[in-house]
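Below: one structure, written as structure tokens.
First listed ligand is number 1; within each ligand, the first listed atom is number 1.
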Amino acid sequence: MEATETKSAKEIVQAAWNKRPLIISGPCSAETETQVIETVTRLAKTGKVDIVRAGIWKPRTRPGSFEGIGTKGLPWLQQARKLTGLPMAVEVATAKQVEDALHFDIDVLWIGARTTVNPFSVQEVADALRGVDVPVLIKNPINPDIELWTGAVERVAKAGIKQIGLIHRGFSSYGNTEYRNAPMWHLAIEMKRRSPGLMMINDPSHISGRRDILLDVAQKAIDLDMDGLIIESHIDPDHAWSDAKQQITPERLAEMLDSIKWRHETTNEKDFIDALAKLREQINHIDDELIQLLGQRMKIADEIGQYKKENNITILQTNRWNAILEKAFAKGEKLNLSKEFITKYYDAVHMESINHQNKIMNS
Ligand code: PEP
Ligand code: MN
């Protein structure tokens with residue numbers, strides 16, 4: 001091929017960055033040269049991956065687990081790119097890591113969830129990026145605070161980085177949940193609304209923490225119009241040095257991507273749009289009614305508050321509340337409403353009701 005026909009590394013990264021849906025995959029961690037080369041070669045063979053990810057420095061919640069192979073793994077990624085032409089992405093958390101990654105021509109950098117929480121670290125990374133032309137992905141912070149996420153975007157943007165993308169990897173939560181990191185989809189949606197110019201990639205691996213629900217999470221993300229997916233893959237997932245439970249083989253990744261229904265936000269078919277508009281109209285109507293009813297309900301709560309005040313009765317009456325919830329669960333089941341939704345809905349209504357009564361009783 002003539003030199004002029006050969007795409008430069010920058011052009012390849014550019015094309016990958018702009019592709020929708022953007023698919024990023026690779027091991028949680030680079031472990032050995034063989035593992036990196038074999039994973040990337042098999043990923044390339046699927047023809048479905050746009051950018052490779054590999055952790056070189058691993059921020060672990062507790063010490064003692066594998067903390068990353070370090071700088072010595074960077075030439076392996078360079079080699080993998082040479083063999084496959086795929087752009088490479090690594091996580092950076094310090095100025096030194098930025099410097100090392102760029103020294104080995106890493107194409108895309110990402111800021112991890114444990115870094116986004118800390119403005120000092122984000123600023124250090126941002127300062128190291130000043131004057132550099134490299135795309136940067138920013139994961140949500142581990143806690144559900146989109147101001148921190150927004151702040152990280154602002155710091156990186158102020159350093160002059162033009163290509164910034166977001167990764168939704170879910171949020172730490174304490175207690176029983178089926179996820180490793182609760183997705184809290186509404187936060188990703190709100191962040192997308194706030195930053196319409198930035199792509200939002202979903203990370204089903206770190207949300208799920210396990211293989212069996214990866215596809216469900218990925219499908220949900222696509223249904224919510226996310227711009228792409230970042231999914232961890234490994235040649236021998238069960239023996240991965242980090243995040244073994246959530247990784248899948250490159251071939252399994254290809255199957256999974258094939259079974260996703262790739263929905264589009266808009267379509268040109270007029271009939272479809274009309275039908276959708278009608279259904280949306282119905283939903284608006286019902287939502288309107290729900291708000292009206294909630295308003296009425298709270299007016300009654302006010303009256304109860306007045307009554308309780310006059311008769312010196314406490315606001316919260318636990319027995320009554322449990323009885324209401326049990327009834328609602330039973331009813332919800334018949335109407336195909338999940339227990340989780342009923343709980344959230346009743347909690348929200350109950351809290352609002354208590355606030356109303358509180359106001360009355362303390363007035
Ligand atoms: C990772 O991508 O392997 C990682 C450490 O993710 P997070 O920052 O989302 O925990
Ligand atoms: Mn991981």
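- Closest approach of W149 to I138, counting heavy atoms only: NE1-O, 3.1 Å.
- Looking at ligand 1, you won't find any N or O of P59 less than 3.5 Å from one of its N or O atoms.
- Evaluated for a side chain to side chain contact (heavy atoms under 4.5 Å, CB included) with L229, the options L257, I167, L22 yield exactly one hit, L257.
- Residues satisfying the salt bridge (charged side-chain N to carboxylate O under 4.0 Å, His left out) test with E289, not counting sequence neighbours, are none.
- At a threshold of 4.0 Å, the pair K158-E154 does not count as salt-bridged, since none of the basic side-chain nitrogens sits closer than that to a carboxylate oxygen.
- Heavy-atom separations between G55 and ligand 1 are all 4.0 Å or longer.
- Looking from atom 3 (O) of ligand 1 to the surrounding protein, the closest heavy atom is K58 NZ, 2.8 Å.
- When only interatomic distances are considered, the shortest N/O to N/O separation between E232 and ligand 1 falls below 3.5 Å.
- In this pair, Y345 and F341 present their aromatic rings parallel. The plane angle is below 30°, not in the 30 to 60° band.
- Of the protein's non-hydrogen atoms, the one nearest atom 8 (O) of ligand 1 is A113 N, 2.9 Å.
- Considering each of Q246, H206, R114, the one bringing a non-hydrogen atom nearest atom 10 (O) of ligand 1 is R114.
- Distances between N or O atoms of D203 and those of ligand 1 include no value under 3.5 Å.
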